[in-house]
Structure formats: C-alpha cells, structure tokens
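Presented below is the structure to which this report refers.
These numbers come from a predicted model, not from an experiment. Residue numbers count from 1 along this sequence. All ligand and atom numbering here is 1-based and tracks the order in the structure.
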Amino acid sequence: MPIRLLSSEVASQIAAGEVIERPASVVKELIENALDAGARSLTVTIAEAGRKLIEVADDGAGITSDELALAVSRHATSKLTRADDLFHISTLGFRGEALASIGSVARMTMTSAVAHSKAGARIRVEGGREGRVEAIGAPVGTVVRVEDLFYNVPARLKFLKTDVTERRAIDALLTRYALAYPDVRFKLAEGNNVTLQTAGDGDRRSILAALYGVDVARQLLEINAEEENPSAGQAIKLTGYVSPTAVTRSNRKDITFFVNGRWVQDTPLTAALVQAYHTLLMVGRYPLAAMFVEIDPEEVDVNVHPAKAEVRFKNQDRIFGFVQRAIRRGLLAYAPVPSAAPAMWGGAQGESSRQVGLDWTLAHDEQLTVNGGPLTAPSESPTTNHQLPTASQIPLLRLIGQIGSTYLVAEGPDGLYLIDQHAAHERVLFEKLMAQHDMKKIPSQSLLTPVVVQLPPASAKLLTGQLSVLGHFGFEVEDFGSNSFQVRAVPTLFAGGDPSAALRAIVEDFEEDETPLQNEIEKKLAARVCKRLAVKGGQTLSSDEQRALLTDLENCDSPRTCPHGRPTMIHLSVDMLERQFGRKGAR
Ligand code: ADP
Ligand code: MG
C-alpha cells in the first residue's frame with residue numbers, strides 16, 4: 001500500500017485514544033482542568049455510568065469568549081510556552097490535548113465565563129467538528145458537558161466494561177482527587193443519587209471513610225515526614241495515611257500515590273511502601289495507603305505518558321529511600337512488635353517476644369536455611385531430597401509441640417514436620433466447609449446479637465450481589481441500607497470468628513473478575529473466608545487444639561497446601577538430618 005497522510009480526523013482519533021480510554025478518563029481530564037483553573041468547588045454529574053453524559057461544573061477562573069475556540073483545539077494550552085517549561089510544571093495539564101481529544105470522540109459543549117465580563121460564551125464540538133462561539137449568560141466558571149462518549153468510535157464502545165465497573169472507576173477517581181484536594185468541595189451525582197460529597201474543609205479523615213469505609217479509616221496511621229533537598233531546592237515532603245499491619249489487602253489496588261497533586265500509577269513509590277512493611281505482613285498481603293508526595297517540580301519528569309499517569313524521578317533512589325524510611329518509622333512508632341518475628345526488630349523487647357521460648361528468628365516470609373542453602377517447601381523445588389512423599393496423604397504424625405506460637409512441630413515415621421498453623425487451619429476449614437456445601441447442608445448458628453457491618457460504597461454494591469451465595473454457605477446477611485449489612489447467622493464452623501472480618505474478606509478482591517462461574521465464585525468465597533477466620537500465626541494454641549488441628553489436617557484430601565496454594569508444612573527427612581549432621585554420606 002502507498003504511504004498516505006492520515007486525514008486530520010483519523011489522526012485526532014488516534015491521538016484521542018491515548019488520552020481518553022473510558023468515561024473515567026474524561027472525568028480525570030475535566031477535573032484536572034477545573035483544579036488548574038483554581039476551582040474551589042467542583043460538581044460532576046454522570047448518566048449511564050458516563051456513557052450518556054459526563055458534566056463537570058467548576059467555579060474556577062473561566063475562559064474568555066475569544067479564547068474558547070482555541071481551548072478546544074489540539075495543542076492549545078495556557079499552561080506552557082517553552083519546551084523548557086516542561087521541567088518545572090506545577091499544573092496538572094500541559095499537553096493541550098484533553099479538550100480536543102474529548103471533542104473528537106463525543107459531543108461536547110463547553111460554557112464558560114470569567115469575572116467582570118458582560119456575558120459568558122459557549123462552544124459545541126461534535127466528533128471533532130467545532131461549532132461557532134455563542135454569547136450566553138453564565139456564572140463565573142466553566143461547565144463542560146460531554147454526551148454520547150465514543151458514539152463515533154464503536155470499537156472503543158465495545159471495550160467498555162459493565163456500568164458497575166465504569167461507575168466504580170469514576171467513583172474511585174473522584175474520591176482519590178477529593179482526598180488529594182481536601183480544600184476543594186467535590187460532588188458526584190448520577191441522577192438524584194449523590195454518591196460522593198466532600199466539605200472542602202481540609203479534613204481528610206471523612207474522605208478516607210468514603211474511600212475505605214468508617215472502620216478502616218479510623219485505624220489508618222498518619223504519616224508526616226520531610227527531608228531536605230541536598231541540592232538546595234525545595235524539601236521533599238510525604239504526608240498521608242497508611243494501614244496498620246492488621247489491615248491488609250490481597251493486592252496493591254488500595255495503594256494510592258499523588259506526586260505534586262497528580263495521581264500517579266506504576267511508580268517505584270509503591271514498591272518503597274511495600275518494602276516498608278517487609279516482614280510485617282504475611283506473604284501476598286499488601287497495605288492500604290493514600291500518600292501525597294511534594295517534591296521540587298525540577299526533580300520530576302511528568303511528560304512520560306499521554307494520560308499523564310506516570311512520572312519519572314531525577315533521583316529515584318533518594319525518593320525511594322525517603323518514602324520507605326518515613327513509612328517504616330511511622331509504622332514502628334505506632335505498631336506493636338509482632339510476636340512471630342521478634343528478631344526482625346533487632347532484639348525488640350516486650351511481652352510479645354518473651355512468649356517465645358527459644359530465639360526463634362524465622363519470620364513468615366523468610367526461608368529456613370540449612371547449610372547456607374534454602375530449605376524450600378515441596379511445591380517450590382520438587383527436585384530437592386527433603387520433600388514430602390508424593391502420595392497426597394500425610395503419614396500419621398506425633399505432635400511434639402508449638403514453636404513461635406506459629407508452627408507446630410511433629411514427628412512422622414520419616415522425619416520431622418514443621419506445620420504452619422495458619423495455612424493448615426485454612427486448609428482444614430476449607431475442606432470441611434466445601435464438604436458440607438457439597439452435601440447442601442451447612443449448619444449455621446444464629447448470633448446472639450446480630451452484627452452490623454459498614455462497607456465502603458463500592459464493596460457494598462458487590463456484596464449485595466453475593467448475598468444469595470453467602471446464604472448457600474450458611475451466612476445469614478441482610479442489606480441494612482446505607483452500605484451497611486446485618487449479619488444474623490454464620491456457619492457453625494466459624495462460630496466464634498469475627499463476622500465482620502468474614503464479610504470484608506468476601507468483597508475485597510472482587511473487583512477484577514466480575515462474573516466468574518458460579519462454582520468458581522463459591523470456591524473462592526469459601527477460600528477467602530477460611531483464610532480470614534483461620535487461626536493466625538502468633539496465636540498460642542493449647543495442646544488439645546494443636547492435636548485437633550493435626551488430626552484434622554491428616555484427614556484432609558489435600559493436606560499439603562492451603563486453599564491458596566501455599567505449603568502447610570515443611571518436611572525434614574531423617575535422611576536429610578543425617579546428612580546435615582554428618583552421620584551419613586558426607587564424604
Ligand atoms: P491542558 O490542560 O493540557 O492545557 P486542555 O485541552 O485540557 O489542555 O485545556 C486547554 C486549555 O483550556 C487549558 O490550558 C486552559 O487554559 C483552558 N481550560 C480548560 N478547561 C478549563 C476550565 N475548567 N477552566 C478554565 N480554563 C480551562
Ligand atoms: Mg487539561
């Protein structure tokens with residue numbers, strides 16, 4: 001095919017594709033513009049999850065009528081003049097692309113008025129075609145109305161997710177911006193339904209509650225740190241909230257970073273945060289965080305990606321170290337020393353370390369080393385000689401005791417077994433629950449006093465959809481309105497567990513896979529609840545409890561892994577012990 005120049009329409013649709021991917025991207029660009037214009041109050045109205053309508057009204061500086069046409073053209077911006085300016089950007093926008101992009105894939109009307117002008121003005125852009133600028137009465141500020149997003153790009157339309165998902169993305173975006181700009185009033189409405197409204201009084205706690213639910217928000221720890229810039233520029237500041245080690249998620253989705261007022265994703269900052277929790281959380285668990293970094297604009301490159309969601313730091317190591325130390329320090333200041341890993345804290349003293357009889361320095365996520373090499377669990381290195389027998393059953397075990405309040409030690413005919421009590425209990429609960437479920441009779445036990453659990457709005461919606469599945473598992477849960485639920489009965493297996501923890505466990509990870517097969521949902525739910533309610537590491541068990549756990553585990557169909565696939569036990573064979581002690585074959 002011959003080479004041809006793309007028509008401007010096609011070229012602008014291609015460019016738009018990089019910026020406007022879904023309704024939430026429109027919302028993002030429009031609220032960034034409003035914030036750049038100094039808005040103190042910002043109202044977002046959507047219909048049909050933003051497909052039909054997204055309107056953003058602000059009380060910012062506005063645009064004069066003679067600049068309105070320019071504002072909607074590509075590469076027109078008031079925020080940047082020279083290429084040099086790119087390296088000290090203090091506004092959210094700078095590419096001059098957003099309005100043009102939106103106008104090329106939707107029907108957009110922009111109405112704006114500046115202070116002390118006689119009238120406002122309005123312009124309409126439809127599929128990239130600009131109308132004329134008309135004079136019209138309007139209050140100071142700007143209203144951008146975007147209708148029928150992607151009406152002329154059917155391929156894009158097909159890639160949109162369900163309304164629930166698209167709406168959730170908008171919700172999440174707005175709540176996070178509200179958190180980053182607590183002095184600005186934000187309102188999000190769909191029809192008569194106001195899903196978010198903030199006071200703009202600078203108080204972040206109430207916004208955190210909207211994002212994470214009241215219970216979690218109350219427990220978050222505040223971080224406030226500052227470090228001089230060695231090259232005499234502005235100091236780096238880190239403020240925000242992180243979860244205590246007891247509040248975790250199974251993924252990083254609840255970790256949010258803003259850099260100079262910009263929400264950034266995929267940053268090394270997330271890794272720095274996770275590092276700060278090293279050894280404090282179980283493997284595969286992640287903290288929640290909403291962190292705000294202020295750094296000299298000279299130190300960051302914001303021009304990395306058309307959607308402006310990524311940044312690069314001039315001195316990445318320095319900021320990484322700063323964030324990690326600041327959060328670690330914050331955690332240590334608040335958090336009690338976890339009993340299972342006293343030595344991780346450089347000989348921390350206190351109650352919790354004394355209950356461990358020997359110097360038990362093995363943390364959850366550390367590997368036991370023998371002869372300098374890691375002694376791995378069978379699933380990780382199938383070729384080593386100290387692995388479990390291949391039959392799925394485990395031999396009868398003689399209990400020796402518990403160590404570190406975390407592991408059971410037992411002797412089998414072929415050596416020593418170390419059993420992770422949490423993983424083992426998870427497995428036991430899971431198999432019992434699934435067996436009862438398969439026989440369609442899960443005994444359930446009414447709570448003496450029903451428990452009311454409040455969830456963040458998005459999780460509440462999810463849970464509402466899963467109430468019947470919960471019913472199959474012996475939970476009796478009723479929608480109580482305003483994102484709260486009443487738990488009246490729980491499966492007998494879990495009597496004594498914390499019902500609210502169980503509910504939370506059920507909803508927290510359901511974001512990605514919205515409609516897995518029913519059968520899969522049930523298994524997943526069961527695994528999740530079992531994990532949450534299983535006995536934890538660090539919990540001292542009586543010898544009866546230890547023995548019961550061991551017997552239950554022996555009776556499991558797949559005793560060697562927890563329902564999530566982690567090993568429940570490590571086996572040190574007689575053969576291996578003999579080699580290690582030089583009794584055999586060590587020539
Ligand atoms: P950018 O934000 O990168 O400059 P946009 O296409 O988003 O590019 O906007 C183009 C210009 O229109 C902005 O530079 C700004 O001058 C003006 N503008 C856009 N939205 C608003 C608003 N809500 N209030 C005032 N001016 C606005
Ligand atoms: Mg912009």
Side-chain angles (χ1 to χ4, degrees), residues 11-13 15-21 24-45 54-83 85-106 108-117 120-125 128 130 133 136 138-146 149 173-174 177 180-181 184-187 260-264 297 301-311:
S12 74
Q13 275 199 10
E18 296 185 315
V19 186
I20 305 300
E21 199 191 338
S25 5
V26 174
V27 177
K28 171 173 180 285
E29 294 297 335
L30 296 182
I31 61 178
E32 287 192 349
N33 281 348
L35 291 168
D36 280 346
R40 311 299 303 161
S41 169
L42 220 147
T43 303
V44 182
T45 311
I54 295 168
E55 185 187 272
V56 177
D58 70 61
D59 61 352
I63 307 172
T64 58
S65 53
D66 55 328
E67 287 193 327
L68 205 53
L70 200 54
V72 299
S73 17
R74 195 165 293 281
H75 309 310
T77 176
S78 57
K79 302 170 191 175
L80 179 93
T81 43
R82 296 168 301 137
D85 294 344
L86 267 179
F87 296 94
H88 29 90
I89 293 279
S90 56
T91 49
L92 298 170
F94 55 86
R95 301 175 59 101
E97 273 193 321
L99 291 178
S101 296
I102 297 168
S104 71
V105 295
M108 176 175 84
T109 315
M110 184 159 174
T111 310
S112 195
V114 297
H116 312 302
S117 64
R122 167 176 293 175
I123 191 169
R124 193 170 162 81
V125 185
E130 279 172 41
V133 176
I136 187 166
V140 174
T142 304
V143 180
V144 182
R145 217 180 141 77
V146 178
L149 180 63
L173 180 96
L174 224 61
Y177 272 86
Y181 295 83
V184 177
R185 275 191 289 147
F186 284 80
K187 181 174 168 185
N260 292 348
R262 181 189 304 283
W263 185 10
V264 293
D301 182 359
V302 290
N303 185 30
V304 180
H305 187 267
K308 299 167 292 178
E310 281 169 45
V311 294

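- Every atom of ligand 1 is numbered from 1 in the order shown, and the set under 4.0 Å from a heavy atom of A37 is 24 (N), 25 (C).
- Proximity annotation for atom 5 (P) of ligand 1: of L68, V19, N33, L70, N33 comes nearest, heavy atoms only.
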Exercise. What do the steps show when you test K308 against E29 for side chain to side chain contact (heavy atoms under 4.5 Å, CB included), and what is the final call?
Worked result: CA-CA 10 Å; K308 299 167 292 178; E29 294 297 335; 3.0 Å; yes
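- Within the 4.0 Å heavy-atom criterion, neither part of V72 lies near ligand 1.
- Protein heavy atom at the shortest distance from atom 6 (O) of ligand 1 is L99 N, 2.9 Å.
- A side-chain donor-acceptor contact under 3.5 Å links Y181 to the backbone of G261.
- Around CZ of R185, the count of heavy atoms belonging to other residues, nucleotides or ligands within 6.0 Å does not exceed 12.
- Within the 2.8 Å limit, N33 places at least one N, O or S atom next to the Mg ion (ligand 2).
- For the atom pair CG of L70 and OG of S78, the computed distance is 9.5 Å after rounding to the nearest 0.5 Å.
- Considering backbone and side-chain atoms together, G93 places no N or O closer than 3.5 Å to any N or O of ligand 1.
- For atom 12 (O) of ligand 1, the nearest protein heavy atom (residue, atom name, distance) is A71 CB, 3.4 Å.
- In this structure, the protein non-hydrogen atom closest to atom 4 (O) of ligand 1 is T77 OG1, 2.6 Å.
- Nearest protein heavy-atom neighbour of atom 22 (C) of ligand 1: T142 OG1, 3.7 Å.
- Remark: minimum distance from atom 23 (N) of ligand 1 to any protein heavy atom is reached at D58 OD2, 2.9 Å.
- A distance of 6.5 Å separates CD1 in I31 from CG in L42, rounded to the nearest 0.5 Å.
- Nearest approach of F94 to L80, heavy atoms of both residues: O-CD2, 3.4 Å.
- A pairwise comparison of heavy atoms in I20 and S101 identifies CG1-CB, 4.1 Å as the closest pair.
- Proximity of a side-chain donor or acceptor of D58 to a complementary backbone N or O of A39 within less than 3.5 Å is not detected.
- In this structure, the side chain of S25 engages the main chain of E21 through a donor-acceptor pair within 3.5 Å.
- Polar contact with ligand 1: absent for I63 (N/O pair, distance under 3.5 Å).
- Nearest to atom 11 (C) of ligand 1 among the protein's heavy atoms is A76 O, 4.0 Å.
- Counting only heavy atoms from C-beta outward, the side chains of H75 and E97 approach each other to under 4.5 Å.
- Those atoms of ligand 1 that come under 4.0 Å of a heavy atom in R95, given as number and element, are 3 (O).
- Taking distance alone, with nitrogen or oxygen atoms compared against 3.5 Å, D36 stays at or beyond that limit from ligand 1.
- When only non-hydrogen protein atoms are considered, atom 16 (O) of ligand 1 lies nearest to S78 OG, 2.6 Å.
- Proximity of E97 to ligand 1, defined as any heavy-atom pair under 4.0 Å, is confined to the backbone N, CA, C and O atoms.
- Note that CG of L99 and CG of L30 are 7.0 Å apart. Values are rounded to the nearest 0.5 Å.
- Between M110 and ligand 1, a contact under 3.5 Å exists for no N or O pair.
- Rounding to the nearest 0.5 Å gives a distance of 9.5 Å between OG1 of T91 and CD of E32.
- For ligand 1, the polar-atom distance check finds an N/O of G96 within less than 3.5 Å of one of the ligand's N/O atoms.
- Protein heavy atom at the shortest distance from atom 2 (O) of ligand 1 is K79 NZ, 2.7 Å.
- The closest approach between a heavy atom of E29 and any atom of ligand 1 is not below 4.0 Å.
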